[in-house]
Amino acid sequence: MKQEIIQRFRDDLEQFNDATRKYYAGEIDRKTYKGISGGFGSYSERDGKRGMLRLRMTGGRMDKEKLSFVVDSANAYGIDTMKMTTCETIQLHHLTAEQIVELSAKALDHGIFCRGGGGDHPRNVMAPPLSGVQPGETFDVMPYALAVGDYLLSILYDIKMPRKLKVGFANHPSNITHATIRDLGFVAREDGTFDVYSAGGMGPNARLGMKMAEAVPGSELLYYVRAMVDTFLAHGNYEMRAKARTRYMPIAMGEDAYRAAFLQNVETRKAEGGLDLTVTETPVTKTGAGEISGKRIVAQKQPGLFAVSYHPLGGTPSRQTLTALRDTIADMEAVEIRLGADGTMYIINCTADEAQRVLNVTADGAETLFEHSVSCIGALICQQGARDSQGLYHACVDAVRKANIPDGALPQIHISGCPSSCGTHQIGALGFHGGVKIVDKKPLPAFTLHVGGSAVLGHEHLAENWGPMLEERIPAFLVEVGQTVAAAGQSFAEWLPAHMDDLRAIAKPYLD
């Protein structure tokens, strides 16, 4: 990132700081403050007394310096609620006005940008957390994600988009970043090029992305990024925020017209030139040593090196565990943190001995596939939330543990506190979004059940909406599903395709 851009971000903080102090002193209202603070990655929490700050981690990459900043900040300010998001960022919660002001400035000193973390801006560019080290990947897309992230931040002051823009990269069939279901997605091919997707997105009126181009050289990616921005500026809906995301453009224009406009913008930008991209790959040169295996161990494609996965329950790590992790990896060569889109972090480039030490200090995390479930921060904190998604997550984990449901009998589920899909409920095998259910003319806390979603490349599918289920019934429903699948001697992934009708039969009394 160019120093003049960083300095502009720093200079820009004066307006944000002034608004933050005024809002928490009761001098301006929430709507006015939100219109300013969102662009700086900060929002007031539900009670209006404290706020949050979103730390962008481009590509989900968090080196030791950034980890130390998070740990030191959490310890210095007593921050006990941190959230790893489905856009590979970290949110710091329950902050006072002065803490927000101080931390947003200090983050810049450590190469962490909050600017554009909310509001109508390009959001955190995502990459697979194991990019560069994962067996079976096409090639390392992290350098491209970092370059695209820098470019989008560099034009932040030159554009005024209708809404936010989410960009993701994929280089493995798992498509953990949901790149083909984002505003703009780049899927790496075996031949070293990219397929380009656009106008996808989750939330209300979710839509799979459209394939716009095939076999695009990496050197041309910024032309497609800029064309996406140009198309959004020209055809996005500035009048109705509810229909201002990119996924509404093909509906309003027609798919053929949208595709033509996008590709014309690509050609226009190519003719102007100046956006050719050259990236420098940084291969892992560390020498591996030893052998280790286990549920949380990923053998890297580099012989003798391993990644350790750590999924703090609910995606909310404690500062004690992060402190211990920071101290443990401090002297480990080439070891860094990668944040995934499901609340899992990966500690990569470990020798066997180093991996064991990391396992020891991260033992408080998820132990089963089901415990790796995804949840947004929820309505106890979020202004937009309708239901306490974190509360539901923990209630379900407790119920499943008490029922001794074997690992694999339940999938990773996805819970959003509202229809916005911050918990990505629409791509989960089982998902829920918060709302209400009318019973005897009374609105009661409920979550709508979604079934059968997938982000796997070539098998992308948005989940079916099966209707609202009372919140209090959901843990029992999941226990019954888990018991049924376990009795069949299968995993949920094996069981579901041939037993969709059986799942409907189980769900029916809980939905009635």
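- Not counting sequence neighbours, H461 has no partner by the side-chain contact (heavy atoms from CB on, under 4.5 Å) test.
- Using a 4.5 Å heavy-atom cutoff, the side chains of L322 and M345 are in contact.
- Distance check, rounded to the nearest 0.5 Å: SG of C418 to NE2 of H425 gives 8.5 Å.
- The local environment of NZ in K49 is sparse, with at most 12 non-hydrogen atoms from other residues, nucleotides or ligands closer than 6.0 Å.
- At a threshold of 4.5 Å between non-hydrogen side-chain atoms, the residues T321 and P312 do not count as touching.
- The shortest side-chain heavy-atom distance between P128 and V141 falls under the 4.5 Å cut-off.
- Two residues are said to be in side-chain contact when any heavy atoms from C-beta on lie closer than 4.5 Å; M161 and P122 meet this criterion.
- Between D120 and R241 there is a salt bridge, with a side-chain nitrogen of the basic residue lying less than 4.0 Å from a carboxylate oxygen of the acidic one.
- At a threshold of 4.5 Å between non-hydrogen side-chain atoms, the residues I79 and L103 count as touching.
- The side-chain hydrogen bond (donor to acceptor under 3.5 Å, both in side chains) search around W495 returns none, not counting sequence neighbours.
- A donor-acceptor pair under 3.5 Å links the side-chain atoms of T85 to the main chain of T89, judged by distance alone.
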Note to self: Test salt bridge (charged side-chain N to carboxylate O under 4.0 Å, His left out) on K508 and D512; report intermediate values, then the result.
What the structure shows: CA-CA 6 Å; K508 188 176 186 305; D512 289 342; 3.0 Å; yes

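- With ring centers used as reference points, Y144 lies under 6.0 Å from F194.
- In this structure, Y346 and L130 have side chains that are in contact, with non-hydrogen atoms separated by less than 4.5 Å.
- In this structure, E137 contributes its side chain and G132 its backbone to a donor-acceptor pair below 3.5 Å.
- For the pair I348 and Q300, the minimum side-chain heavy-atom distance is below 4.5 Å.
- By the 4.0 Å N-to-carboxylate-O rule, R401 lies close enough to E371 to be salt-bridged with it.
- Note on R326 versus D72: salt bridge recorded, some NZ/NE/NH1/NH2 to OD/OE distance being below 4.0 Å.
- Nearest heavy-atom pair across A386 and G434 is CB-O, 3.9 Å.
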Please set out all donor-acceptor pairs under 3.5 angstrom arising from side-chain atoms of residues 195-208, sequence neighbours excluded.
residue : atom : partner : partner atom : Å
D195    : OD1  : R189    : NH1          : 3.0
D195    : OD1  : A215    : N            : 3.1
S198    : OG   : Y258    : OH           : 2.9
N205    : ND2  : Y248    : OH           : 3.0
R207    : NH2  : E255    : OE2          : 2.6

Could you go through residues 477-484 and list every donor-acceptor pair under 3.5 Å that involves a side-chain atom there, pairing it with any protein atom two or more places apart or in another chain?
residue : atom : partner : partner atom : Å
E480    : OE1  : Y510    : OH           : 2.6
T484    : OG1  : E480    : O            : 2.8

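- In terms of modelled atom types and a separation under 3.5 Å, the side chain of D140 and the main chain of V133 share no donor-acceptor contact.
- Although no hydrogens or angles enter the test, the distance criterion places a donor-acceptor pair under 3.5 Å between the side chain of N171 and the main chain of F139.
- Proximity of a side-chain donor or acceptor of S373 to a complementary backbone N or O of F370 within less than 3.5 Å is detected.
- Aromatic rings from F432 and Y393 are positioned such that their centres are separated by 6.0 Å or more.
- With Q302 contributing its side chain and G288 its backbone, the two residues share no donor-acceptor pair below 3.5 Å.
- A donor and an acceptor atom, one from each side chain of D353 and T351, are nowhere located under 3.5 Å apart.
- Of the possible donor and acceptor atoms, none in the side chain of R182 sits under 3.5 Å from a partner among the backbone N and O of M126.
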Only pairs under 3.5 Å count here: list side-chain donor-acceptor contacts from residues 440-458, not counting sequence neighbours, and write none if there are none.
residue : atom : partner : partner atom : Å
H450    : NE2  : H433    : ND1          : 2.8
S454    : OG   : V456    : N            : 3.2
S454    : OG   : H459    : O            : 3.4

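- Taking the side chain as every heavy atom from C-beta outward, L392 and R387 never approach each other to under 4.5 Å.
- By the 6.0 Å contact criterion, NZ on K243 is open, its count of non-hydrogen atoms from other residues, nucleotides or ligands being 12 or less.
- Rounded to the nearest 0.5 angstrom, R30 CZ and R46 CZ are separated by 8.0 Å.
- The OH atom of Y310 lies 10.5 Å from the CD1 atom of I337; values are rounded to the nearest 0.5 Å.
- Between L462 atom CG and E464 atom CD the span is 10.5 Å, to the nearest 0.5 Å.
- S44 and Y23 share a side-chain donor-acceptor pair at under 3.5 Å.
- Judged purely by atom type and a 3.5 angstrom limit, K64 uses its side chain to pair as donor or acceptor with the backbone of M332.
- Summarising the geometry, atom NE2 belonging to H414 is positioned 5.0 Å from atom OG1 belonging to T424; distances are rounded to the nearest 0.5 Å.
- Each salt bridge (charged side-chain N to carboxylate O under 4.0 Å, His left out) pair with one or both residues in residues 122-132, not counting sequence neighbours, would appear here, but there are none.
- Not one N or O on the side chain of D407 forms a donor-acceptor pair closer than 3.5 Å with the backbone of T368.
- Between S42 and I100, the shortest heavy-atom contact is OG-CG2, 3.8 Å.
- Of the possible polar contacts, none joining the H110 side chain to the I112 backbone as a donor-acceptor pair under 3.5 Å is found.
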